[in-house]
Amino acid sequence: MYLFKSCVAGTFYPGIERSFRFILNSLNVDYFDDPNQSSCTGFAGHCGVVPPEANLSLNARNLALAYNSGYTNVVCTCPTSYANLKECIGELNDNKTRAAINDVLKTVNYEYKGGVTVYHAAEVLYSLKEILAERAKFSLSKVNIATHHGCHYTKVFYDEVTGGLWEYPTLLDEICAAFSATLVDYSERSSCCGLGFSHLIDVDEYTESTSFRKLESVLAEEPDLIVTMCAGCQLILDRFQRQFEERLNRVVPVLNVSQLVALLLGADKSRDACLQFSTIDIAPLIEKMEAV
Amino acid sequence: MSKFGVFLCRCDGNISNAIDIDRLDKDFKRTTVVDSDQHLCSLQGQQKIKKSIRKHNLDGVVVAACSPNNHGQTFKGCMRDAGLNPYLLEITNIREQCSWVTDDRKSATNKARDLINASLQRLEHAESLSEFRVDVTNATLVVGGGIAGITAALALAENGVKTYLVEKEPSIGGNTVRIGKVFSPHKMVEECAMCSLSPLMNDVYENHKIELLTGAEIANINGTAGHFNVDVKIKPQSVSERCTSCGECATVCPIEVPDWWNANTRTRKAIYKPFPQAVPDRYTIDAEHCVNCGKCAKVCKSDAIELEAKPSLRKIEVGAIVVATGHDEFDPSLRPEYGYGRFKDVVTQLELARIIGVNGPTNGELLRPSDGKTPKRIVMIQCVGSRDEKPHGLPYCSSVCCMVALKHANYITDYFPGTDITVLYTDIRAPGIYENYYRHVQEKGVKFIRGRASDVKRKGGKLYVSAEDTLRGQCLELDADLVVLSTGIKPSQGTVHVGETLGIELGDDLFVKEKHPKLEGASTNTKGIYVCGTAQGPKDITYSVLQADAAALEALSLVGQDYVSVEPLSAFVKDSCNGCGMCVRQCKNNAIKMVDRRATVDPMLCTGGGACVHVCPTAALDLHGCTEAQLEASIRGILAGKREKEIRNIAFLDTKIGYAAADNIGAARLRYPPSIRIISVPSVLRLAPQHIELAFQLGADGVFIGQGFEAESCGENFESVETRLNDLSKEVVQRGIDPARLKIYRVYIPHFVGLHKRLMQFDDKIKETGELEKELAAP
Ligand SMILES: Cc1cc2nc3c(=O)[nH]c(=O)nc-3n(C[C@H](O)[C@H](O)[C@H](O)COP(=O)(O)OP(=O)(O)OC[C@H]3O[C@@H](n4cnc5c(N)ncnc54)[C@H](O)[C@@H]3O)c2cc1C
Ligand code: SF4
């Protein structure tokens with residue numbers, strides 16, 4: 001497994017990646033942490049700052065690195081990287097595009113040859129959920145969870161969603177259920193968190209109203225936790241939640257699925273899961289996790 | 001020297017717009033007799049061919065027109081009429097495989113010329129053949145006992161033909177039983193489905209020409225039009241005819257299961273009678289759920305229950321078959337955004353039909369499932385799964401669901417006044433006089449909003465439907481006490497299963513494909529097998545019944561004949577046979593036997609794939625219709641005149657599936673370069689390493705072999721065909737051919753787009769690799 005690092009996750013919630021490493025290490029999974037990997041520039045691409053050609057060349061290099069390393073299963077902790085890399089692979093399947101990009105890569109002695117597959121970290125946790133649940137030190141049997149899968153995982157490569165269907169994905173739900181959590185449905189389940197990339201920069205009222213609608217509907221069901229698989233969604237749902245605190249009268253903690261699973265396996269709250277980076281206090285949740 | 005005629009069809013521009021017919025006319029005039037026509041298949045066109053044959057005393061004919069699958073028989077008829085043996089005809093497919101797939105006129109014209117030349121070369125080796133006669137069995141089989149199957153069976157029996165009606169469920173009736181009320185084009189009120197259906201079901205039971213087999217399915221079939229041998233698998237008949245339908249057994253049965261006949265809106269017991277008017281009129285045991293406790297048998301006063309009953313196999317012989325296996329509903333849980341399964345008050349139209357049906361779970365009261373209250377506001381969502389190109393979706397319009405929504409809206413506003421109904425639609429499809437119905441319902445105050453619902457949500461215990469009103473450009477959120485999904489119609493599992501068992505062609509939507517969408521709408525691509533009702537495509541009862549009558553008429557005209565002719569395209573043995581018996585072991589149809597130490601082929605058992613031809617060490621076997629000489633001539637012809645640096649790839653496709661899929665590529669107007677040249681072979685097993693090698697020697701740069709999925713190949717199953725193809729490719733590679741230049745692909749007719757993609761990829765790859773070097777190709 002080629003661990004594809006995320007700039008948004010690394011900046012705002014380093015616990016996402018650290019938790020994922022903790023999980024992989026505790027299962028003795030062989031993965032490659034490549035110091036040469038660069039950002040996928042997905043965020044900047046969506047905001048129109050990085051041109052598509054640059055995005056494509058740069059990711060062709062990233063994919064070539066993975067191919068050359070022999071670790072051809074690229075696993076992203078960030079769904080924006082996940083969708084961006086998959087889109088790049090699609091474009092590079094076109095012979096002309098591939099030749100043009102390889103001309104560029106030649107100048108830095110790389111060649112894109114294909115042969116790599118891209119996954120999201122949550123898909124890895126999903127496929128290991130039974131094993132992980134067996135090793136869990138804590139249970140979620142007293143915890144009600146609302147999941148948010150996010151647009152870049154469910155709506156870009158919608159026909160490749162693992163667990164459920166793109167309009168009602170159950171990937172995170174099934175992972176949480178493996179640890180005996182109770183899942184709550186809420187009316188805006190498939191809505192965007194409000195991040196909206198360029199929208200966030202251009203028209204913040206729109207993104208704000210979207211986030212509010214989302215959080216309002218989650219809180220109406222009174223869950224103990226929101227679980228996401230995207231650092232961007234987490235940023236909005238966690239950090240921006242404070243903004244709505246007065247209107248909503250309540251707050252709810254937010255965690256990335258990797259952080260949650262690592263905590264359940266006994267990871268350190270600050271060193272591994274880096275809970276100190278969360279805006280909404282996670283302590284009430286921790287209290288509800290029962291030792292097994 | 002033989003004298004051949006070439007006839008060019010313009011097909012009213014379908015061919016002549018892309019191919020320069022005048023140019024071809026001139027070119028071929030130098031050597032042969034040539035004529036052209038706007039429509040060679042028309043009477044005038046046929047006359048032209050016949051006159052020319054007689055006038056010029058022709059020895060053979062090439063018709064360059066549409067695919068032989070369309071008018072092959074017509075042109076054979078011309079040959080017969082003009083006194084020429086019909087097997088001295090070659091049809092060159094310059095429409096589906098040339099004019100419709102080629103981009104520029106010059107390439108299309110050149111390709112057409114090459115294809116016609118290849119046909120002329122093949123014609124040099126054509127042989128006169130005579131057809132066999134098969135005595136026709138004056139009996140028919142109808143598969144599926146819905147309204148379509150019932151209608152067809154009655155029409156056949158009333159014309160005196162012994163008819164077997166095979167139904168997989170314990171009663172006939174099909175989906176019409178479940179829909180309760182039916183819309184009617186003339187009146188603005190709904191009629192009772194059972195009132196029209198029940199008398200017909202009783203007629204079936206009473207007609208002594210009909211033998212009804214319920215709990216039965218087709219297990220196997222062989223034979224040809226006029227005489228089919230069919231094996232029917234019958235489930236254990238645990239309740240005998242002695243049953244008086246008293247119902248004691250069901251009261252004591254401890255097992256409850258969802259009741260399909262009530263669209264699972266209520267339960268039934270493991271021993272049950274599907275519905276009061278069921279035919280045959282008796283209880284039945286659902287073996288899947290029965291726990292064999294024996295309670296029912298103990299209370300039965302008529303001693304009608306036999307728990308140990310075994311399944312049986314019935315062998316029947318019929319001359320013609322009508323397929324009427326119907327449809328299933330699209331599974332709404334595949335569109336989870338609408339909350340079906342999550343919210344009790346989201347139901348399908350079929351479930352609503354049961355709720356308002358007087359014999360349904362609420363005895364006809366409009367009560368919603370969650371709390372048994374009467375819904376005041378109902379929102380109906382149209383096109384659920386239909387007209388939907390997303391995964392699992394049905395791309396077509398299911399044609400009846402708009403009318404079904406109108407029917408239910410009309411009925412509810414009549415019987416439960418004050419109910420507020422909104423229909424969210426894509427387009428309302430109420431064709432013909434059904435428009436009156438639409439207008440009538442609008443006048444009654446039912447609201448129609450054009451826009452596809454995006455989702456159904458629950459907030460504060462209430463349901464909300466979000467949609468965009470696309471006419472006003474507004475986003476809406478409608479509250480609803482009950483949401484009704486107009487789910488689409490898809491081919492039933494039984495339809496797909498029967499299609500595969502009978503070997504008839506299914507369309508890419510998996511409905512049974514009709515032979516010609518306009519002219520032969522009740523025939524399938526297999527002679528002697530006909531289709532009607534929703535097995536062929538979504539339609540209402542009116543059209544299902546009309547098509548059933550048409551199918552019955554076709555079947556009648558076949559079984560009314562004394563005999564039918566069968567094409568003599570079987571293997572034959574030449575004098576050099578030394579009696580070694582290799583071919584006998586090869587033939588999985590047991591068509592070859594040793595008689596006096598010499599192989600003899602039974603032409604009625606031989607399916608004409610030709611797998612045996614090259615197992616013969618003395619080359620004593622050959623195949624009528626595709627002899628060694630004819631096959632070689634085709635390869636030679638199609639590669640003749642190859643220019644410097646030109647790439648040519650041969651695609652060998654089996655006639656029944658691969659070639660038909662290639663025709664579909666043309667019909668869909670997908671494009672491919674003229675470097676791809678198709679040769680039809682009865683089965684890919686007809687091909688031997690020397691044919692592939694010959695192709696490369698004569699200048700082919702790549703060879704593509706497309707074998708039809710499930711295609712009949714000398715009685716061999718797909719796995720063994722695949723093994724044989726792998727062996728073939730290994731041998732070709734051993735003879736020094738680059739494996740990259742040979743591609744084997746499994747063709748599935750409904751997925752002709754896949755064949756197109758593979759052909760394009762292959763062609764691209766060969767073009768990238770470049771022309772096959774001469775030295776390599778040299779013999
Ligand atoms: C909700 C709904 C409401 C409708 N309302 C109306 C209406 O008001 N008016 C109208 O005109 N039309 C209506 N229709 C359409 C109508 O239901 C169909 O036109 C009609 O049922 C088609 O009849 P059929 O006999 O072709 O198929 P079906 O009714 O589907 O019958 C097929 C039969 O074949 C049997 N079968 C299947 N596979 C096998 C097998 N392998 N071997 C043996 N038997 C098999 C099945 O058990 C079944 O008995 C409605 C459709 C729906 C979905
Ligand atoms: S009939 Fe109406 S509801 Fe059904 S698929 Fe066609 S347009 Fe949609």
Side-chain angles (χ1 to χ4, degrees), chain A residues 86 90 92-100 102 113-114 146-149 151 153-174 177 182-192 206 209-210 212-223 248-249, chain B residues 330-346 370 381 383-385 388-395 452-468 475-480 483 485 487 673 757-758 760-770:
Chain A
K86 276 172 98 91
L92 290 165
N93 278 341
D94 175 63
N95 290 340
K96 278 200 197 106
T97 312
R98 183 191 291 218
N102 272 334
K113 297 192 191 117
T147 59
H148 168 70
H149 291 76
C151 305
Y153 179 68
T154 57
K155 296 176 189 169
V156 185
F157 288 90
Y158 61 89
D159 49 348
E160 291 172 34
V161 162
T162 301
L165 287 162
W166 66 98
E167 292 280 9
Y168 201 90
T170 54
L171 172 65
L172 297 175
D173 301 60
E174 290 179 54
T182 306
L183 279 309
V184 299
D185 197 2
Y186 59 101
S187 59
E188 296 296 334
R189 195 177 183 277
S190 63
S191 300
C192 171
Y206 179 62
S209 65
T210 309
F212 181 76
R213 202 168 68 181
K214 178 99 195 171
L215 280 164
E216 186 187 31
S217 85
V218 175
L219 286 167
E221 306 301 329
E222 301 183 17
L248 291 172
N249 263 325
Chain B
F330 175 81
D331 174 4
S333 62
L334 292 170
R335 291 293 172 263
E337 60 270 36
Y338 295 144
Y340 182 86
R342 265 186 300 139
F343 309 134
K344 280 192 178 153
D345 292 331
V346 177
S370 66
I381 302 179
C383 301
V384 175
D388 180 344
E389 289 168 28
K390 291 197 294 278
H392 316 295
L394 311 169
R452 233 172 162 142
S454 56
D455 60 4
V456 178
K457 304 175 172 141
R458 188 167 54 194
K459 281 193 277 190
K462 215 170 165 48
L463 294 180
Y464 293 86
V465 183
S466 319
E468 185 189 349
C475 288
L476 305 172
E477 205 165 77
L478 305 168
D479 61 306
V483 176
L485 308 180
T487 43
K757 198 168 138 197
R758 285 311 164 94
M760 295 287 281
Q761 280 172 353
F762 181 67
D763 194 70
D764 275 352
K765 207 170 106 200
I766 298 294
K767 281 181 182 150
E768 239 173 67
T769 321

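Every chain is numbered from 1, with letters handed out A, B, ... down the list of sequences.
Interface remark: F343(B) contributes side-chain atoms only to the contact with chain A (heavy atom separation under 4.5 Å). If you measure heavy-atom distances from Y186(A) to chain B, you find no contacts under 4.5 Å at all. For chain A, the nearby part of D455(B) is the side chain; its heavy atoms alone come within less than 4.5 Å. Contacts of S454(B) with chain A are absent, with no heavy-atom separation under 4.5 Å from either backbone or side chain.
Counting heavy-atom pairs closer than 4.5 Å to chain A, the top residue among G339(B), P391(B), P336(B), S466(B) is P391(B).
In this structure, K757(B) places its NZ atom where only 12 or fewer heavy-atom neighbours from other residues, nucleotides or ligands lie under 6.0 Å away. The environment of K765(B) atom NZ is sparse: at most 12 non-hydrogen atoms of other residues, nucleotides or ligands sit within 6.0 angstrom.
For the atom pair CH2 of W166(A) and NZ of K390(B), the computed distance is 6.0 Å after rounding to the nearest 0.5 Å. The distance from atom CZ of R458(B) to atom CG of D185(A), rounded to the nearest 0.5 Å, is 7.0 Å.
We find that E188(A) and K457(B) are joined by a salt bridge, their nearest charged nitrogen and carboxylate oxygen being less than 4.0 Å apart.
In this structure the side chain of H392(B) reaches within 4.5 angstrom of the side chain of L165(A), judged on heavy atoms.
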